[in-house]
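Note: hydrogens, waters and symmetry copies are ignored here, and every other heavy atom, side chains too, is used. In what follows, chains carry the letters A, B, and so on, assigned in the order in which the sequence lines appear, proteins first and then strands, with residues in each chain numbered from 1.
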Number of protein chains: 2
Amino acid sequence: MATSFAEENYLKIIYRLSESTLEDISTNAVAELTQTKAASVTDMLRKLAEKGWVNYQKYQGVRLTEEGEKIALSIVRKHRLWEVFLVEKMGFNWDEVHEIAEQLEHIESEALINKLDEFLDFPKTDPHGDPIPNKEGILPELGYMHLSDLKENKACVLMGVAKDSAVFLQLLTRLHLSLGAKLIVKEINPFDRSISVSINESGPVFISHEVAKNILIKMA
Amino acid sequence: MATSFAEENYLKIIYRLSESTLEDISTNAVAELTQTKAASVTDMLRKLAEKGWVNYQKYQGVRLTEEGEKIALSIVRKHRLWEVFLVEKMGFNWDEVHEIAEQLEHIESEALINKLDEFLDFPKTDPHGDPIPNKEGILPELGYMHLSDLKENKACVLMGVAKDSAVFLQLLTRLHLSLGAKLIVKEINPFDRSISVSINESGPVFISHEVAKNILIKMA
DNA sequence: AATATTTTTTAGTCAAGACTAAAAATTTAT
DNA sequence: ATAAATTTTTAGTCTTGACTAAAAAATATT
């Protein structure tokens with residue numbers, strides 16, 4: 001069955017919200033990310049349920065069905081592959097690619113996206129460290145932790161971010177926090193849980209708990 | 001002013017039709033290419049005129065204004081650059097790229113299209129030999145002729161096609177008529193104006209007048 | 001020049017996807 | 001446990017861009 005631009009957006013956003021929780025997704029949460037009003041979301045959820053892409057009982061929130069998740073994963077795959085293309089081949093910065101990829105993700109051509117995948121050498125992650133589903137919709141298992149969960153004096157490598165708003169990414173860039181950086185948590189401030197981190201063996205930088213929560217790492 | 005997907009399509013199609021005639025473009029001609037009905041076209045032409053992108057008097061047909069042509073040229077530029085990308089970088093054949101480029105041409109990012117242009121080495125023509133407008137909307141002057149206008153025993157080089165339907169392109173491929181081929185018109189059949197042509201010094205191939213009309217050449 | 005044909009426009013609908021305001025259900029607080 | 005606050009849904013509209021059927025204008029034919 002064909003999917004409209006709007007339907008694809010809703011499925012993608014429900015998928016994104018499901019990534020970070022096991023609970024059903026609320027109407028308001030969807031409204032916020034789609035930049036629409038709750039009433040519009042209710043309408044759309046009924047339509048998506050009708051088509052068998054979500055399970056939705058009114059007032060109970062929403063979850064993707066298996067079929068809905070398959071569609072969402074194909075959108076996510078396209079979005080993330082295009083982001084790799086924009087950074088690696090077009091020379092954009094990691095904070096510039098989201099909006100463009102939001103458009104490119106709706107281009108309909110299985111053939112194109114598979115050729116693009118090959119052209120990019122089958123990347124496992126996008127420029128923010130998010131995993132890219134393969135042709136079959138399988139996500140690579142990355143097993144990243146949040147920097148905010150790391151103990152003092154442990155070394156790790158920055159592998160990704162859990163949020164890709166431009167302002168957040170620009171902040172990281174200003175702090176010299178980029179993918180692949182070697183980090184050691186020097187000190188955790190008990191007052192506000194802010195931390196000081198050394199980056200690639202150089203002088204420590206101070207990071208709020210909020211920022212640390214959104215940095216994904218693997219142990220060195 | 002922002003342009004919708006539908007508006008961009010109409011402007012592009014009016015531009016295409018204007019390329020091959022000096023007369024005003026009829027409602028029906030537009031309807032055929034947009035795959036809509038004449039009544040829908042009338043509606044849209046009123047809206048486009050409202051926005052200052054076309055000159056339209058009812059029953060008199062339509063022409064692009066300067067501003068409308070500027071928008072159309074930017075869509076055409078995107079369409080043709082994406083086609084080059086699809087053939088050169090993604091490995092598609094010249095008869096496979098039109099539909100995908102119809103989608104890609106609506107991606108909104110001046111920065112992206114200029115980077116793409118650079119990435120492709122500022123091509124002058126698309127995979128069908130159609131000229132690509134530059135950043136300023138200027139079309140390179142190619143000065144091609146139609147193969148159907150060539151005299152007998154004159155040599156020329158195949159530079160483009162005036163029609164990019166998949167069936168036509170597949171026919172040319174089967175006849176070994178591809179961009180850059182050296183052609184000599186051996187014989188013009190006065191009965192139906194079909195011609196026999198030698199291709200790259202090898203045995204002649206027979207071509208209808210209809211086909212010859214849609215092949216663009218430059219003198220050798 | 002009058003009639004027939006074709007093209008274009010008008011008038012009235014429809015579906016998708018958004019909105020606001022008000023009602024209903026759920027959750028939180030007292 | 002009830003009241004207050006919040007969330008979600010319903011009901012009714014709006015805009016965009018399509019449609020059909022009928023009317024009007026332009027073009028072609030005799």
Side-chain angles (χ1 to χ4, degrees), chain A residues 1-15 17-18 21-64 68 71-72 75 102-103 105-106 108, chain B residues 1-15 17-18 21-64 68 71-72 75 102-103 105-106 108:
Chain A
M1 197 187 300
T3 47
S4 72
F5 199 100
E7 289 166 343
E8 290 186 356
N9 263 328
Y10 275 93
L11 292 174
K12 174 192 67 179
I13 276 162
I14 297 166
Y15 176 82
L17 290 166
S18 305
T21 177
L22 294 169
E23 323 229 321
D24 288 7
I25 308 306
S26 76
T27 301
N28 264 354
V30 175
E32 197 173 336
L33 291 209
T34 49
Q35 316 241 55
T36 62
K37 296 300 159 74
S40 313
V41 173
T42 300
D43 275 0
M44 183 55 97
L45 294 184
R46 266 200 295 100
K47 288 180 202 163
L48 295 177
E50 191 79 18
K51 301 198 175 190
W53 296 331
V54 299
N55 288 125
Y56 167 65
Q57 301 278 83
K58 56 165 134 162
Y59 295 104
Q60 305 299 140
V62 70
R63 309 196 118 288
L64 294 175
I71 299 169
I75 308 298
E102 291 276 42
Q103 300 178 62
E105 73 191 4
H106 301 291
E108 209 181 292
Chain B
M1 199 187 299
T3 49
S4 72
F5 200 100
E7 288 166 344
E8 290 187 355
N9 264 328
Y10 275 93
L11 292 174
K12 174 192 65 180
I13 276 162
I14 297 166
Y15 176 83
L17 290 165
S18 305
T21 177
L22 294 169
E23 324 227 321
D24 288 6
I25 308 306
S26 76
T27 301
N28 265 354
V30 175
E32 198 174 333
L33 290 208
T34 48
Q35 317 239 58
T36 61
K37 296 300 159 73
S40 313
V41 174
T42 300
D43 275 1
M44 182 55 97
L45 294 185
R46 265 200 296 101
K47 288 179 203 166
L48 295 176
E50 192 79 17
K51 300 199 176 191
W53 297 332
V54 300
N55 288 125
Y56 167 65
Q57 301 278 84
K58 55 165 133 163
Y59 296 106
Q60 304 297 143
V62 69
R63 309 195 117 292
L64 294 174
I71 299 170
I75 309 298
E102 292 276 41
Q103 300 177 62
E105 74 192 5
H106 301 290
E108 207 180 293

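- Atom-to-atom, CG of A:Asn28 to C1' of C:dA25 comes out at 14 Å; the value is rounded to the nearest Å.
- Remark: P of C:dT7 and CD of B:Glu23 are 15 Å apart, rounded to the nearest angstrom.
- In this entry the distance linking CD of B:Gln57 with C1' of C:dT8 reads 14 Å, nearest Å.
- Using a distance-only test at 3.5 Å, with no hydrogens or angles considered, no donor-acceptor pair links the side chain of B:Arg63 to the main chain of B:Ile14.
- For A:Lys37, no side-chain nitrogen or oxygen approaches OP1 or OP2 of C:dA18 to under 4.0 Å.
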side-chain contact (heavy atoms from CB on, under 4.5 Å) assessment of A:Asn9 paired with A:Glu105: CA-CA 9 Å; A:Asn9 263 328; A:Glu105 73 191 4; 3.6 Å; yes

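- Judged by distance alone, the side chain of A:Thr34 and the main-chain N or O of A:Ala31 form a donor-acceptor pair under 3.5 Å.
- Between C:dT26 and A:Lys58, no contact under 4.0 Å exists linking OP1 or OP2 to a side-chain N or O.
- Side-chain nitrogen and oxygen atoms of A:Ser4 include at least one within less than 4.0 Å of the OP1 or OP2 phosphate oxygen of C:dG17.
- Here OG1 of A:Thr36 is found 3.5 Å from OH of A:Tyr10. Values are rounded to the nearest 0.5 Å.
- Going from atom CD of A:Gln35 over to atom C1' of C:dC19 covers 15 Å, rounded to whole Å.
- The neighbour count for B:Glu102 CD, taken as heavy atoms of other residues, nucleotides or ligands under 6.0 Å away, is above 12.
- Nearest-nucleotide positions on DNA chain C place B:Leu45 closer to the 5' end than the other of B:Leu45 and A:Gln60.
- For the pair B:Thr42 and C:dT9, the criterion of a side-chain N or O lying under 4.0 Å from OP1 or OP2 is met.
- Residue A:Thr27 places at least one side-chain N or O closer than 4.0 Å to OP1 or OP2 of D:dT9.
- In this structure, the CG atom of A:Leu48 is 12 Å from the P atom of C:dA16, given to the nearest Å.
- Across all strands, A:Phe5 comes closer than 4.0 Å to no nucleic acid atom at all (heavy-atom distances).
- A sub-4.0 Å separation between OP1 or OP2 of D:dA23 and a side-chain N or O of B:Tyr59 is absent.
- Between B:Tyr10 and the phosphate of D:dT16, there is no side-chain N or O to OP1/OP2 separation shorter than 4.0 Å.
- The phosphate of D:dG17 has neither OP1 nor OP2 within less than 4.0 Å of any side-chain N or O from B:Ser40.
- For B:Ala6, the listed nucleotide lying nearest its side chain is D:dG17; candidates were C:dG17, C:dT10, D:dG17.
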Stepwise side-chain contact (heavy atoms from CB on, under 4.5 Å) check, A:Trp53 with A:Glu7: CA-CA 10 Å; A:Trp53 296 331; A:Glu7 289 166 343; 3.7 Å; yes

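- Taking atom CD on B:Glu32 and atom C1' on C:dT6, their separation rounds to 15 Å, with Å as the unit.
- With rounding to whole Å, A:Asn9 atom CG is found 9 Å from C:dA18 atom P.
- Side-chain atoms of A:Lys47 lie closest to C:dA16 of the nucleotides D:dA11, D:dC19, C:dA16.
- At the phosphate of C:dG17, neither OP1 nor OP2 sits under 4.0 Å from any side-chain N or O atom of A:Thr36.
- With D:dT9, C:dA11, C:dT8 as the candidates, the nucleotide lying closest to the side chain of A:Ala38 is D:dT9.
- Atom-to-atom, CG of A:Asp43 to C1' of D:dG12 comes out at 11 Å; the value is rounded to the nearest Å.
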